[in-house]
Structures are given as C-alpha cells and as structure tokens.
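Okay, so here's the structure we're looking at.
No experiment lies behind these values; they were computed from the predicted model shown.
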Amino acid sequence: MPGKLGRRQSGRTKHGKHVTPGSFKVKIKKDDQVKVIAGRDKDKTGRVLSVDRARGRVLVEGVSMIKRHTRPNPSKQVKGGIAEKESSIAISNVMILTSGGTTSRVGYKIEGTGTSAHRVRIAKKTGETLDKRA
C-alpha cells in the first residue's frame, strides 16, 4: 500500500531515487532550432516558442498541430471556427540543431577566468558554441 499520498505524489520513483515535481534538466531554451526525433512529427524542425520546465515540455513552431474549435462570442469579438495551433511535446523528443544543421546533445563549458567566467552551452558532436552572446 503506497500510503496517503499515493505512489505518484510520494516523491520517489520505482528505483528509489528522490524526485521533486518539476526537476527536469532543461538544456533547451526559447528560440533554439530543434529537430523532432520521435513521435508523429518525427524529422520536422522548428524554433522553440516556449519551454515548460515544470512539466518537461516544449512548444515548437509548426510541430504537433492541433485543431481548436471555438464558438463565436460577439460580446468579446471572438470569431468562431476551427483554429490550428501548436501543442507541446516532451523535451526528450527534441534535439538541438547546430548552425550546420546537425543534431547534437547539449553540454556545458566554462569560458573565461576569474570573475569573467561564465558557463556556455556547446554542441557535444561538433564542439561549437550554441549561446549567442553579445
């Protein structure tokens, strides 16, 4: 018997690791170019519109399109009909694209020394820097 909270909310996974809600390692940021590697939209590419860190999901431009049926509401100037919009997909189903168009995992590297040191994202496959710093 899992207890009062139930198995899902107890904070432990099947293998005993402690997991707090919203503890996803998110290495993808808004405006990154990504490629979908799994699911019905496999091999599609697009720009990341938003990242939901708590649920571990991303919204990618032109990927996972759904139809939303809306009823007309004249008082709010809402025109009825069928609107198409993006739906979020799991962050594990996307890989970042480098400027050369190759997919890669994301790693980190410390650039600079002392007080000017900062962490930058790099592509593991090519070693190129992914962050655009001004």
Side-chain angles (χ1 to χ4, degrees):
M1 186 122 167
K4 262 187 186 177
L5 290 174
R7 193 171 144 240
R8 276 282 194 220
Q9 294 147 347
S10 66
R12 293 202 175 266
T13 62
K14 186 169 138 183
H15 303 292
K17 292 181 182 174
H18 194 75
V19 178
T20 55
S23 64
F24 287 94
K25 271 212 165 133
V26 178
K27 297 180 177 182
I28 292 173
K29 293 181 179 179
K30 187 178 173 180
D31 292 328
D32 280 345
Q33 279 294 121
V34 293
K35 182 176 186 175
V36 180
I37 58 168
R40 85 171 178 210
D41 291 316
K42 186 176 178 176
D43 295 331
K44 282 189 181 178
T45 61
R47 187 173 56 91
V48 175
L49 300 174
S50 69
V51 179
D52 186 353
R53 286 174 143 60
R55 297 192 309 142
R57 298 182 77 79
V58 288
L59 200 68
V60 182
E61 195 173 40
V63 173
S64 186
M65 300 298 282
I66 57 168
K67 286 179 168 35
R68 171 86 182 159
H69 297 258
T70 53
R71 179 179 287 151
N73 190 344
S75 64
K76 293 182 181 174
Q77 280 78 39
V78 175
K79 194 177 175 189
I82 302 169
E84 270 201 88
K85 66 175 190 172
E86 291 93 359
S87 173
S88 66
I89 59 173
I91 209 157
S92 61
N93 292 345
V94 295
M95 266 182 117
I96 201 153
L97 281 173
T98 62
S99 59
T102 58
T103 57
S104 176
R105 292 184 319 236
V106 179
Y108 291 96
K109 183 171 74 172
I110 305 293
E111 270 189 4
T113 55
T115 56
S116 66
H118 57 274
R119 196 172 74 151
V120 293
R121 294 183 309 150
I122 59 162
K124 288 246 186 172
K125 196 180 277 187
T126 60
E128 80 177 73
T129 305
L130 299 170
D131 291 329
K132 291 121 186 136
R133 291 191 68 89

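- Note that CD of Gln33 and CZ of Arg47 are 8.0 Å apart. Values are rounded to the nearest 0.5 Å.
- Residues Val60 and Lys44 form no side-chain contact, since every pair of their non-hydrogen atoms from C-beta on lies 4.5 Å or further apart.
- The hydrophobic cluster containing Val63 also contains Ile28, counting ILVMFWY residues as joined when their side-chain heavy atoms lie under 4.5 angstrom apart, directly or transitively.
- In this structure, Arg68 CZ and Ser87 OG are separated by 12.0 Å, a value rounded to the nearest 0.5 Å.
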Working for side-chain contact (heavy atoms from CB on, under 4.5 Å), residues Glu86 and Leu49: CA-CA 10 Å; Glu86 291 93 359; Leu49 300 174; 4.0 Å; yes
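- Rounded to the nearest 0.5 Å, atoms CG (Asn93) and NZ (Lys35) are 14.0 Å apart.
- Using a 4.5 Å heavy-atom cutoff, the side chains of Arg105 and Met95 are in contact.
- Residues Ser88 and Arg55 meet the side-chain proximity criterion, which asks for heavy atoms closer than 4.5 Å.
- His118 contributes atom NE2, which lies 10.0 Å from atom NZ of Lys109 (distance to the nearest 0.5 angstrom).
- Residues Val48 and Leu59 are members of separate hydrophobic clusters, defined by side-chain heavy-atom contacts under 4.5 angstrom among Ile, Leu, Val, Met, Phe, Trp and Tyr.
- The side-chain heavy atoms of Ser116 and Glu111, taken from C-beta on, include no pair separated by under 4.5 Å.
- In terms of heavy-atom proximity, Ala117 sits nearest to Gly112 at CB-O, 3.7 Å.
- The number of heavy atoms from other shown groups lying within 6.0 Å of NZ (Lys27) is above 12.
- Contact detail for Ser64 and Asp41: the closest heavy-atom pair is N-OD2, 2.6 Å.
- Using modelled atom types, one finds no donor on one side chain facing an acceptor on the other under 3.5 Å when comparing Asp131 with Thr129.
- Val58 and Ile96 are assigned to two separate hydrophobic clusters, defined by single-linkage of ILVMFWY side chains at heavy-atom distances under 4.5 Å.
- Val26 and Tyr108 are assigned to two separate hydrophobic clusters, defined by single-linkage of ILVMFWY side chains at heavy-atom distances under 4.5 Å.
- Separation of atoms CD (Glu61) and CE (Met65) is listed at 9.5 Å; rounding is to 0.5 Å.
- How far OG1 of Thr102 is from CD of Glu128: 6.5 Å, rounded to the nearest 0.5 Å.
- Scanning both residues, Thr98 and Ser104, for their nearest heavy atoms gives CG2-CB, 4.3 Å.
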Residue pair Leu97, Thr103: steps toward the side-chain contact (heavy atoms from CB on, under 4.5 Å) verdict: CA-CA 5 Å; Leu97 281 173; Thr103 57; 3.7 Å; yes
